[in-house]
Protein chains: 2
Amino acid sequence: MPLTRKGAATRRRIIEGAAEQIRAEGVFALRLEDVMARTATSKSQLFHYFPDGKDELLLAVARHEAARVIDDQQPELGALTSWDAWYRWRDKVLARYRAQGVDCPLHVALSRVGAATDAGRSVAGELLDRWQGQLAEGIRRMQEGGEIAPELDADREAAALLAGIQGGVLILLTTGGTAHLEAALDLGIAHLRTGNHRDR
Amino acid sequence: MPLTRKGAATRRRIIEGAAEQIRAEGVFALRLEDVMARTATSKSQLFHYFPDGKDELLLAVARHEAARVIDDQQPELGALTSWDAWYRWRDKVLARYRAQGVDCPLHVALSRVGAATDAGRSVAGELLDRWQGQLAEGIRRMQEGGEIAPELDADREAAALLAGIQGGVLILLTTGGTAHLEAALDLGIAHLRTGNHRDR
DNA sequence: CGAAGTCTGGACTTGCCGGTCCATTTTCGC
DNA sequence: GCGAAAATGGACCGGCAAGTCCAGACTTCG
């Protein structure tokens, strides 16, 4: 079933509209009718593009949002080659989540799909992998440049940092405060710098 | 409306049964009928003890689980007075979540109630506060004993560590792996030991 | 330009499940 | 033990929203 140009546009409009609706009201309150109203589509369109109904739509929303998460951190995340770059990245992450605030369509869509589902697991897992991969890559680059102690295990450090970020965001989602995210980011980076040879 | 001995027992049975059911099937799939079947109660009992229905029940489950989270970490969490105690605590946290695996009634109940709700916020917020408080207390004790550098900000360190734990658990919930939680715990503690005076 | 197939509108069905009600039984203080 | 209050059983209701269907309009490509 090939998608015409128009069809693809409609499909995207639906996904984005659903994401907006989720941001506005939450997933539990998400009704197909709301999505229809918001995107000026009819029920048959929803089922035309997402034959498995609501769950399939939610999964598409999750995928869409997952892609944004990494994109929003570029180009910094892809080029963590100096301490300056690390701090710019830190600022960007913080700004992004501060702006997003309490409403995270990704987290919430996944929780509805069931994070323990195969489909949910793969969306979340891939995001986590790519994220951690880029962090580890950054750490290795810094080690090559002699700015991070070579005896640190890059993957393990990246895992811990990523965990801190995830937790910080999770706490942000419930408390509305960014203090934890900030602390996790700052102390995580600080930890990388400890025992570091030529501190700028 | 005082609760008789029997009434209190029934109430508790309902909460625990609901938690089990959530562990088994998830929140979205949670139907009152399932809880009734599992706890051998009738619908009128559910509404007798939780007049506001499902949401009130879910909140009670969340509260119940939140209390367990802290309790399960005792007595270690309350007495972080030596590095040995810290490592024993670390092991306990890891064991607890490893055993719990992918199904976390607290996380999932809160996501249904809406973490951004006042009620949800208060349950999660209080848990987080108490948890972080005990960590910070432990750090201060260690500082008094000269085992952690006095210039560290105990609250900030505790916040970062807590974020790491939360993120580690969150990742555990979706991937099933404890690597991130472990890394966050170990590197978090390692960070506390850096620059520390009389390393054992 | 024309046919195959995509896209769209919207009415209709359906089943589930949260919530209400009242009658009956049990508990518990005095 | 006795009466008031609490606990229990289970039938019933009602609404909501997911999903189905078919007829008709638009796209696309030879």
Side-chain angles (χ1 to χ4, degrees), chain A residues 1-22 24-62 108-109 111-114 117 119-120, chain B residues 1-22 24-62 108-109 111-114 117 119-120:
Chain A
M1 49 161 158
L3 271 265
T4 69
R5 184 173 298 273
K6 193 179 180 188
T10 302
R11 197 189 133 97
R12 262 188 51 197
R13 208 170 72 241
I14 293 175
I15 292 176
E16 281 162 10
E20 282 173 34
Q21 182 63 31
I22 288 173
E25 307 275 351
V27 231
F28 332 101
L30 180 70
R31 290 167 307 151
L32 260 24
E33 283 185 41
D34 298 330
V35 178
M36 289 161 54
R38 190 178 281 270
T39 61
T41 50
S42 67
K43 193 157 277 188
S44 59
Q45 283 169 283
L46 258 47
F47 283 86
H48 181 67
Y49 295 107
F50 306 96
D52 284 344
K54 207 177 184 176
D55 286 347
E56 191 178 351
L57 172 57
L58 253 349
L59 203 59
V61 170
V108 100
S111 79
R112 172 63 170 75
V113 168
T117 309
Chain B
M1 45 160 164
L3 271 264
T4 70
R5 186 174 296 272
K6 192 179 181 187
T10 302
R11 198 189 133 97
R12 263 188 51 198
R13 207 170 73 242
I14 293 175
I15 292 177
E16 282 161 10
E20 282 172 33
Q21 182 63 31
I22 288 173
E25 308 274 351
V27 228
F28 330 102
L30 180 71
R31 289 167 305 148
L32 261 23
E33 284 185 41
D34 298 331
V35 179
M36 288 161 54
R38 189 179 281 269
T39 61
T41 50
S42 66
K43 194 159 274 188
S44 58
Q45 283 168 285
L46 257 48
F47 283 85
H48 181 68
Y49 295 107
F50 306 97
D52 284 344
K54 205 175 183 175
D55 286 347
E56 191 178 350
L57 172 57
L58 253 350
L59 204 57
V61 170
V108 101
S111 79
R112 171 62 169 75
V113 169
T117 310

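FYI, side chains are in, hydrogens and waters are out, and symmetry mates aren't considered; it's all heavy atoms of this structure. Chain letters run A, B, ... following the sequence lines, proteins first, then strands; residues in each count from 1.
L30(A) approaches D34(A) most closely through the heavy-atom pair C-OD2, 4.5 Å. V27(B) and A109(B) get closest at one heavy-atom pair: CG1-CA, 4.4 Å. Shown here for T39(A) and G17(A), the closest heavy-atom pair between the two residues is CG2-CA, 3.6 Å. Contact between A8(B) and L3(B) at its shortest, heavy atoms only, is N-CD1, 3.5 Å.
Atom CZ in R31(B) sits 8.0 Å away from atom CD in Q21(B) (nearest 0.5 Å). A distance of 4.5 Å separates OG1 in T10(B) from OH in Y49(B), rounded to the nearest 0.5 Å. With rounding to the nearest 0.5 angstrom, the CZ atom of R13(B) is 9.0 Å from the NZ atom of K6(B). One finds the CE atom of M36(B) at 6.0 Å from the CD atom of E33(B) (value rounded to the nearest 0.5 Å). Between atom CZ of residue R38(B) and atom CD of residue E16(B) there is a gap of 12.0 Å, rounded to the nearest 0.5 Å. To the nearest 0.5 Å, the span separating OG1 on T41(A) from CZ on R11(A) amounts to 13.0 Å.
Applying the side-chain contact (heavy atoms from CB on, under 4.5 Å) rule to V113(B) yields the partners L58(B), L59(B), T117(B); only residues at least two apart in sequence or on another chain are considered.
When each of L57(A), L32(A), D55(A) is paired with F50(A), the side chain to side chain contact (heavy atoms under 4.5 Å, CB included) condition holds for L57(A) and for no other.
Spacing between atom CG of L46(A) and atom C1' of dC7(C) amounts to 13 Å, rounded to whole angstrom units. Whole-Å rounding puts the K43(B) NZ to dC17(C) P distance at 9 Å. Look at NE2 on H48(A): it is 14 Å from P on dG5(C), rounded to the nearest Å. Computed from coordinates, the E56(A) CD to dA18(D) P distance equals 15 Å when rounded to whole Å.
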Can you pull every protein N or O that's under 3.5 Å from an N or O on nucleotides 1-4 of chain C?
none

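Between G53(B) and A8(A), it is A8(A) whose nearest contact on DNA chain C lies nearer the 5' terminus.
DNA chain C lies under 4.0 Å from at least one heavy atom of each of the following residues of residues 31-40 of chain B: R31(B), L32(B). Using a 4.0 Å cutoff on non-hydrogen atoms, the parts of residues 10-22 of chain A near DNA chain C are T10(A), ordered by number.
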Give the C-alpha distance, both sets of side-chain angles, the deciding distance and a yes or no for side-chain contact (heavy atoms from CB on, under 4.5 Å) between V108(B) and R112(B).
CA-CA 6 Å; V108(B) 101; R112(B) 171 62 169 75; over 6 Å; no
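Nearest to the side chain of F47(A), among dC7(C), dG19(D), dG9(D), sits dG19(D).
The C1' atoms of five pairs define one axis at each end of the helix from dC1(C)-dG30(D) to dC30(C)-dG1(D), and these two axes lie 40° apart (to 10°).
One finds a side-chain N or O of Q45(A) lying less than 4.0 angstrom from the OP1 or OP2 phosphate oxygen of dT8(C). Between K54(A) and dA18(D) there is a side-chain N or O to OP1 or OP2 distance below 4.0 Å. Remark: Y49(A) is not in phosphate contact with dT6(C), judged by side-chain N or O atoms under 4.0 Å from OP1 or OP2.
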For each nucleotide in nucleotides 23-30 of chain D, reading 5' to 3', give B when a protein heavy atom comes within less than 4.0 Å of its base, S when such contact involves only the sugar-phosphate, and - otherwise.
---SSS--
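Within 4.0 Å (heavy atoms only), L57(A) reaches no atom of the nucleic acid at all.
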